[in-house]
Participant: 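After the structure tokens below, expect a handful of questions from me.
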Amino acid sequence: MRPTGPEMDGMMSVMLSAFDPAFGEAWNERQLASAMLIPGTRFAMIDAHGVIGPPSPSVPTAGFYLTRQVVDEEELLLIAVDPEYRRLGLASRLLEHLLANAPERGTARLFLEMRADNPAEHFYRRYGFEQVGLRRDYYRGADGRLRDAKTFARILDQVIELRSAQ
Ligand SMILES: CC(C)(COP(=O)(O)OP(=O)(O)OC[C@H]1O[C@@H](n2cnc3c(N)ncnc32)[C@H](O)[C@@H]1OP(=O)(O)O)[C@@H](O)C(=O)NCCC(=O)NCCS
């Protein structure tokens, strides 16, 4: 799924605003463009009005996700929302979009990996992801500090009740 120029620009602008540079987690444009060439990679973008689709020239891009599917497993490689538009339910809408058409494309399990102290864990747990792994000292931050990585999974044929925030 190859993005257009405006799509790349929109995703890069969210990437640069959303990820704290202390952790070195943002991808650069070359990494993003290369990832898009790998089969099974897909993305979706959301604008500041909560509309999912290609970027509009008049409404800023607020968030996006990027996944990669291999057979019946899909990895959520990135999900990010510009800090200006957080806690408005935009990442939830993106995740619901991802989950809504997962059965059609044959995804049975959705995985993700994140830095152990990332507050995004609350978001993932709320949407039914369970921790299935821990990799000690997996990430090295821009400050040189090593941090653990947690792997989460969600089995997609389960009906998940929305959990209250923890
Ligand atoms: C994680 C992230 C995508 C959430 O985006 P968002 O649009 O603010 O999320 P939503 O508004 O849909 O949040 C839904 C629920 O998730 C939980 N949640 C989201 N962010 C949270 C946070 N920082 N702390 C605690 N709970 C959080 C809450 O339960 C929230 O519901 P509430 O606002 O009613 O309490 C966003 O904070 C982000 O871009 N973070 C930086 C990038 C990143 O680390 N991505 C994940 C690894 S790739």
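No experiment lies behind these values; they were computed from the predicted model shown.
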Participant: Do any N or O atoms from the side chain of D137 and from the backbone of D148 form a donor-acceptor pair under 3.5 angstrom?
Facilitator: no
Participant: Partners of Y85 by ring pair (Phe, Tyr, Trp, His ring centres under 6.0 Å), sequence neighbours excluded?
Facilitator: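 Not a single residue meets the ring pair (Phe, Tyr, Trp, His ring centres under 6.0 Å) criterion with Y85.
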Participant: Tell me, which pairs form a side chain to side chain donor-acceptor pair (under 3.5 Å) where one or both residues lie in residues 21-32, sequence neighbours left out?
Facilitator: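 Qualifying pairs, neighbours excluded: E25-R115.
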Participant: Would you please name every residue forming a ring pair (Phe, Tyr, Trp, His ring centres under 6.0 Å) with H49, sequence neighbours left out?
Facilitator: none
Participant: Once side-chain contact (heavy atoms from CB on, under 4.5 Å) is applied, do any residues pair with A149, and if so which ones, sequence neighbours excluded?
Facilitator: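 Partners of A149 by the side-chain contact (heavy atoms from CB on, under 4.5 Å) criterion, ordered by chain and then number, come out as E113, R135, Y138, Y139.
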Participant: Just to verify, what does R42 make a salt bridge (Lys or Arg N to Asp or Glu O under 4.0 Å) with, not counting sequence neighbours?
Facilitator: E74
Participant: Quick one: name the residues clustered hydrophobically with V51, using the 4.5 Å side-chain heavy-atom rule over I, L, V, M, F, W, Y, and just say none if it's on its own.
Facilitator: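 Listed partners: none, V51 stands alone.
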Participant: Is E121 paired with K150 through a side-chain N to carboxylate O contact shorter than 4.0 Å?
Facilitator: yes
Participant: What are the two closest non-hydrogen atoms of L94 and A44, and how far apart are they?
Facilitator: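 Distance-wise, the nearest heavy atoms are CD2-O, 4.0 Å.
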Participant: What is the minimum heavy-atom distance between R68 and A35, and which atoms define it?
Facilitator: NH2-O, 3.5 Å
Participant: Could you work out, with salt bridge (Lys or Arg N to Asp or Glu O under 4.0 Å) as the rule, every residue matching E73, not counting sequence neighbours?
Facilitator: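 With sequence neighbours excluded, E73 shows a salt bridge (Lys or Arg N to Asp or Glu O under 4.0 Å) to R109, given in chain and number order.
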Participant: What's the spacing between T67 OG1 and R105 CZ if we round to 0.5 Å?
Facilitator: 6.0 Å
Participant: Roughly how far apart are I155 CD1 and T107 OG1, rounded to 0.5 Å?
Facilitator: 12.0 Å
Participant: Taking all non-hydrogen atoms of both residues, which atom of M12 and which atom of L32 are closest, and how far apart?
Facilitator: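 So the two residues come closest at SD-CD2, 3.8 Å.
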Participant: To the closest 0.5 Å, what do you measure between CE (M114) and CZ (F129)?
Facilitator: 11.5 Å
Participant: Out of curiosity, M8 CE to M45 CE, how far, rounded to the nearest 0.5 Å?
Facilitator: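 Here the interatomic distance stands at 10.0 Å.
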Participant: Which residues pass the salt bridge (Lys or Arg N to Asp or Glu O under 4.0 Å) test with D143, sequence neighbours left out?
Facilitator: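 Counting only residues at least two positions away or on another chain, D143 forms a salt bridge (Lys or Arg N to Asp or Glu O under 4.0 Å) with R147.
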Participant: Testing D47, V14, I46 for side-chain contact (heavy atoms from CB on, under 4.5 Å) with T61, which one passes?
Facilitator: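 The side-chain contact (heavy atoms from CB on, under 4.5 Å) with T61 is passed solely by V14 among D47, V14, I46.
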Participant: Among residues at least two apart in sequence or on other chains, which ones pass side chain to side chain donor-acceptor pair (under 3.5 Å) with S92?
Facilitator: Y127
Participant: Identify, with sequence neighbours excluded, every residue that meets side chain to side chain donor-acceptor pair (under 3.5 Å) alongside E7.
Facilitator: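 So E7 forms a side chain to side chain donor-acceptor pair (under 3.5 Å) with T4.
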Participant: At their closest point, which heavy atom of V59 faces which heavy atom of A48, and how far apart are they?
Facilitator: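 Heavy atoms only, the tightest pair is CG1-N, 3.7 Å.
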Participant: For P21 and A142, which heavy atoms make the closest approach, and how far apart are they?
Facilitator: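 P21 and A142 have their closest heavy atoms at O-CB, 3.4 Å.
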Participant: Can you name the closest pair of heavy atoms from Q69 and G106 and give their distance?
Facilitator: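 Heavy-atom minimum between the residues: NE2-C, 3.8 Å.
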Participant: Given the rule that I, L, V, M, F, W and Y join up when any side-chain heavy atoms are under 4.5 Å apart, are F43 and F111 in one cluster?
Facilitator: no
Participant: Apart from V71 itself, what residues make up its hydrophobic cluster, given side-chain heavy atom links below 4.5 Å?
Facilitator: V70
Participant: Taking distance alone, no hydrogens or angles, what donor-acceptor pairs closer than 3.5 Å link side-chain atoms of residues 75-83 to residues at least two apart or in another chain?
Facilitator:
{"unit_1": "D82", "atom_1": "OD1", "unit_2": "E84", "atom_2": "N", "d": "2.9"}
{"unit_1": "D82", "atom_1": "OD2", "unit_2": "S17", "atom_2": "OG", "d": "3.3"}

Participant: Got L99 and L110 here, is their nearest side-chain heavy-atom distance under 4.5 Å?
Facilitator: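 Yes. Closest side-chain heavy atoms under 4.5 Å.
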Participant: If you count every heavy atom of other residues, nucleotides or ligands that lies below 6.0 Å from R140 atom CZ, does the total exceed 12?
Facilitator: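 Check fails, neighbour count at 12 or below.
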Participant: Please round to the nearest 0.5 Å and tell me the distance separating atom CG of L112 and atom CG of N118.
Facilitator: 10.0 Å
Participant: Parallel, tilted or perpendicular, judged at 30° and 60°: which one describes the rings of Y124 and F152?
Facilitator: tilted
